[in-house]
Amino acid sequence: MIRRTEIAALIAHPEIGKTYQLMGWVKSFRANRFIALNDGSTMNHFQVVLDLDIIKEEELKKISFHSCIQVTGALAKSQGSGQDFELIATAVTILGDNAPDQYPLQPKRQTMEFLRQKAHLRMRTNTFNAIFRIRHGVAFAVHQYFNDKGFFYLHSPIITGSDAEGAGEMFRVSTLDPQHPPLTESGSVDFSKDFFEHPTNLTVSGQLQAEIGALSMGKVYTFGPTFRAENSNTPRHLAEFWMIEPEMAFHDIDDNMELAEEFCKYLIRYILDHYPDELAFLDARLKEEEKSLPQDKRRALSLIEQLKFVADNDFEKITYTEAIKILQASKPYKKKKFEFPVEWGKDLQAEHERYLVEKHFQKPVIVKDYPKAIKAFYMRLNPNDTEVPGETVAAMDVLFPGIGEVIGGSQREERLELLKGRMKEANIPEEELWWYLELRQFGTAPHSGFGLGFERMVQFITGMSNIRDVIPFPRTPGNAAF
RNA sequence: GCCUCAGUAGCUCAGCUGGUUAGAGCGGCGGACUGUUAAUCCGUAGGUCGUAGGUUCAAGUCCUACCUGAGGCGCCA
């Protein structure tokens, strides 16, 4: 009795003349004889050659694009040029017929928009196969990196009670009957009758809970889904996305930036080292796609060249104040090409970030020390600097070419009175975050952390232009299918 | 949420300034093919041109509204 072999295992230890049994999906069927078979164990397809003296014609008829088959035969050196080995199949069993007259996918390029509507089938394509293999690899590398550095994986809650995290609109979580909710005497919904006896939401960030971890275990990170009910319609936003949030005691803003840079480079290097086939496929795909574009719209570096460049070169580190000076001295500013104003105190717009990253420095840039007025309440107030026009906080953003902000982070305000002051300015009631304030009241410590948008990193590494194509089941306004 | 563009066969697209029975490639179906690499070759079916209304002798083509999708911007990761 022959047992099934995974294609990856066969390729790792091929034995010419040995009989193997393979199972997989037909990726192409050429000349009524040659099958490119894939079982998911590797990115690459394996060639099966049918022995036409033995295989019956009615079996042949059922072999079609993406049908599932089992083949048995001896391994041989390939006579063709595209591969080293092939299986000479003397028996074929159809495991899953494919109804080819109804099957929507084709062995040719189809648009991402069409495939998005077929999320249950798109993973069978070479492109999505490569993307989701890499997505797994990045997730694995995240844990590898932090474990090696002595961080602890902290599971922050998905359902949260506080609505003061300030990172965007939230999805309400409730078991109340939406038709007939219990009402208070004043006529508003009585959430004391709800499951948690309090209004609750899906989390927008695990940061505040991560700070609890950092102030006892030293170095922790969260890695989980987060939810934002913003009506954002862009290729860089999802309503449900995964975020990685390390939080470290005794780290200042510069330690924080150093870690962020090292972490980004580690993830990219890990994929370069472990997923060369997938990257080669995506690299070729991008080159093919850009053939139809004019020269100036194409990428300066190929996907793999760009990943190597980012992994091997230092990120540029500047302050917000320096960024404003660079922008005000720039050509587009002088020619009034920027749509939004550039002045100290105003937030950097996408067009400004893009100029700094893609034109001026041509590498990833970390901008720090932003004006206090445009940043969150928990960011640490910087000491006064007479060179700088106003008060700043120890915040930092990591900006990547093509996708913009991939990381946002800060040193946290650990001084109780200053934090209370910032909360008052931001109209956040102290009762909402009493526990967050107690972290400062009892044994406070300087600490820092950042949030990395997981899908944005996967987007950068795979070169995909729309974030909906790097998560298996994207959730966006008006769309939660599958 | 705002702005712009698009919607023609199962898919990817063509259809010029409105004018006979709306085209191609791929895919499907039928057939050929014992060294193919998104195989190739021959034949064939398949479309109320996103929906509703309007202008006109005449609308896939012009106008209006709506629906769906994409891109840009904002919010951010």
Side-chain angles (χ1 to χ4, degrees), chain A residues 26-36 44-55 57 60-61 64-66 76 78-83 86 88 98-118 125-126 165-169 204-207 225-245 260 285 288 292 338-340 347-351 353-354 374-376 397-400 403-409 450-460 465-469 471 476-479:
Chain A
V26 174
K27 296 296 177 169
S28 77
F29 185 33
R30 298 179 288 265
N32 219 17
R33 192 171 181 210
F34 301 92
I35 295 170
N44 301 316
H45 309 328
F46 188 78
Q47 173 148 295
V48 174
V49 184
L50 301 180
D51 186 332
L52 297 177
D53 295 333
I54 298 175
I55 310 280
E57 190 158 335
L60 282 180
K61 296 230 183 234
S64 66
F65 183 58
H66 283 185
S78 179
Q79 296 171 37
S81 58
Q83 56 283 315
E86 59 196 18
I88 309 298
N98 196 8
D101 54 331
Q102 293 160 52
Y103 191 58
L105 300 193
Q106 288 182 37
K108 68 159 191 176
R109 191 190 156 274
Q110 291 181 291
T111 60
M112 291 295 124
E113 291 79 13
F114 173 72
L115 292 170
R116 239 169 258 155
Q117 295 164 8
K118 314 269 178 217
T125 65
N126 296 332
E165 293 166 42
E169 289 296 311
V204 294
S205 161
Q207 180 201 313
T226 49
F227 308 86
R228 309 242 170 125
E230 301 284 350
N231 191 7
S232 298
N233 293 291
T234 85
R236 299 178 305 281
H237 290 85
L238 291 164
E240 176 181 298
F241 66 100
W242 287 64
M243 192 152 60
I244 298 144
E245 296 177 287
R285 182 187 165 279
E288 188 63 35
S292 60
F338 286 135
E339 190 188 338
F340 291 90
D347 206 356
L348 299 179
Q349 301 295 317
E351 57 179 353
E353 296 179 349
R354 187 157 289 162
I374 58 172
K375 287 290 178 185
D397 284 354
V398 180
L399 311 175
F400 266 32
I403 51 174
E405 185 178 347
V406 71
I407 282 178
F450 62 82
L452 173 104
F454 181 62
E455 282 78 13
R456 290 195 181 165
M457 182 54 85
V458 178
Q459 223 186 326
F460 181 74
S465 52
N466 195 311
I467 200 165
R468 291 162 210 189
D469 299 326
I471 186 166
T476 52
N479 201 336

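This is a predicted model, so every value here is computed, not measured. Lettering of chains follows the sequences in order, A, B, ..., and the numbering in each one begins at 1. Scope of the values below: all heavy atoms of this structure, side chains included, with no hydrogens, waters or symmetry mates.
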For this session: For B:rG1 and B:rC49, measure between their C1' atoms and round to the nearest Å.
Result: 32 Å
Exercise. How does protein reach along nucleotides 33-41 of chain B, written 5' to 3' as B (base within reach of a heavy atom under 4.0 Å), S (only sugar-phosphate), or - (no contact)?
Worked result: BBBBBBB--
Exercise. When you match A:Phe340 and A:Glu57 each to their closest nucleotide on RNA chain B, which lands nearer the 5' end?
Worked result: A:Glu57
Exercise. Do A:Ser232 side-chain and B:rC75 base share a donor-acceptor contact under 3.5 Å?
Worked result: yes
Exercise. Heavy-atom distance under 4.5 Å between the side chains of A:Ile467 and A:His237, does that happen here?
Worked result: no
For this session: Could you give the distance separating B:rA45 and B:rU36 at their C1' atoms, to the nearest angstrom?
Result: 28 Å
Seminar exercise, completed: Closest to the 5' end of RNA chain B, once A:Phe65 and A:Asp347 are matched to their nearest nucleotides, is A:Phe65
Problem set entry | Heavy-atom pair with the smallest gap, counting every atom of A:Ser78 and A:Gln47 | OG-NE2, 4.4 Å
Problem set entry | A:Arg468 side chain near B:rG69 phosphate (N/O to OP1/OP2, under 4.0 Å) | no
For this session: Would you confirm whether A:Glu86, through its side chain, and A:Ala76, through its main-chain N or O, come within 3.5 Å as a donor-acceptor pair?
Result: no
Seminar exercise, completed: Which of B:rA70, B:rA77, B:rG74 is nearest the side chain of A:Arg456? It is B:rA77
Exercise. Watson-Crick or G-U wobble partner for B:rA59, using a 3.5 Å limit on both distances?
Worked result: none
Exercise. A:Arg456 versus A:Glu405: any side-chain heavy-atom pair under 4.5 Å?
Worked result: yes
For this session: With C1' as the reference atom in both, quote the distance from B:rC11 to B:rG72 in angstrom, rounded to an integer.
Result: 28 Å
Seminar exercise, completed: When rounded to whole Å, the CD to C1' distance for the pair A:Glu113 and B:rG10 reads 17 Å
Exercise. Any side-chain heavy atom of A:Ile471 sitting closer than 4.5 Å to one from A:Phe454?
Worked result: no
Under-3.5 Å N/O pairs linking protein and nucleotides 4-6 of chain B:
none

Exercise. With a 4.0 Å cut-off on heavy atoms, is A:Lys118 in touch with a base, just the backbone sugar-phosphate, or nothing at all?
Worked result: nothing
Exercise. Taking the same atom, P, in B:rG28 and in B:rC66, what whole-Å distance lies between them?
Worked result: 41 Å
Seminar exercise, completed: Whole-Å distance, A:Leu348 CG to B:rG74 P, equals 11 Å
Problem set entry | Atom-pair distance (CD on A:Glu351; P on B:rC75), nearest Å | 12 Å
For this session: For residues A:Asn32 and A:Leu52, report the shortest heavy-atom separation together with the two atoms involved.
Result: O-CD2, 3.9 Å
For this session: Searching all strands shown, indicate the nucleotide that pairs with B:rC73 (Watson-Crick or G-U wobble; both distances under 3.5 Å).
Result: B:rG1
Exercise. Can you check the A:Gln102 CD to B:rG28 C1' distance for me, whole Å?
Worked result: 11 Å
For this session: Considering only atom C1', compute the distance from B:rG7 to B:rG47 and round it to an integer number of Å.
Result: 15 Å
Problem set entry | Partner nucleotide, any strand, of B:rU34 [Watson-Crick/G-U, under 3.5 Å] | none
Exercise. Could you give the CG-to-C1' distance, from A:Asp469 to B:rG71, as a whole number of Å?
Worked result: 14 Å
Problem set entry | 4.5 Å side-chain heavy-atom contact, A:Glu339 and A:Glu351 | yes
Seminar exercise, completed: Using Watson-Crick geometry (N1-N3 plus N6-O4 or O6-N4) or G-U wobble (N1-O2, O6-N3), each under 3.5 Å, B:rU64 is paired with B:rA52
Exercise. So do the side chains of A:Leu238 and A:Thr476 get within less than 4.5 Å of each other, counting heavy atoms only?
Worked result: yes
Exercise. Which is true for A:Asn233 with a 4.0 Å heavy-atom rule: it touches a base, it touches only sugar-phosphate, or it touches nothing?
Worked result: base
For this session: Name the nucleic acid region contacted by A:Ala36, choosing base, sugar-phosphate or nothing; use a 4.0 angstrom heavy-atom cut-off, strictly under.
Result: nothing
For this session: Report yes or no: does A:Gln459 contribute a side-chain atom to a donor-acceptor pair with the main-chain N or O of A:Ser465 at less than 3.5 Å?
Result: yes
For this session: State, yes or no, whether a side-chain contact exists between A:Arg228 and A:Glu240 at a heavy-atom distance under 4.5 Å.
Result: no
Problem set entry | Any strand: nucleotide that pairs with B:rA22 via Watson-Crick or wobble, under 3.5 Å | none
For this session: Looking at every strand, decide which applies to A:Ile244 at a 4.0 Å heavy-atom threshold: base, sugar-phosphate, or nothing.
Result: nothing
Exercise. Which whole number of Å gives the distance between the C1' atom of B:rG50 and that of B:rU68?
Worked result: 7 Å
Problem set entry | Separation of the P atoms in B:rU37 and B:rC5, to the nearest angstrom | 44 Å
For this session: Rounded to the nearest angstrom, tell me the gap between atom OH in A:Tyr103 and atom C1' in B:rG28.
Result: 14 Å
Problem set entry | Interatomic distance at P, B:rC41 relative to B:rC26, whole Å | 7 Å
Exercise. If you look at every strand shown and take non-hydrogen atoms under 4.0 Å, does A:Phe241 touch a base, only sugar-phosphate, or nothing?
Worked result: base
For this session: Would you mind reporting whether A:Asn466 and A:Arg116 have side-chain heavy atoms less than 4.5 Å apart?
Result: yes
Exercise. Below 4.5 Å, heavy atoms only, C-beta onward: do A:Val204 and A:Thr226 meet side chain to side chain?
Worked result: no
For this session: Starting from P on B:rC76, measure out to CG on A:Asn231 and report it in whole angstrom.
Result: 15 Å
Exercise. OP1 or OP2 of B:rG28 sitting under 4.0 Å from any side-chain N/O of A:Lys61?
Worked result: no
Exercise. In Watson-Crick or G-U wobble terms, both distances under 3.5 Å, what is the partner of B:rA14?
Worked result: none
Problem set entry | Nearest-Å distance for atom pair CD/C1', residues A:Gln207 and B:rC76 | 14 Å
For this session: Under a 3.5 Å limit for both distances, which nucleotide forms a Watson-Crick or G-U wobble pair with B:rG27, could you say?
Result: none
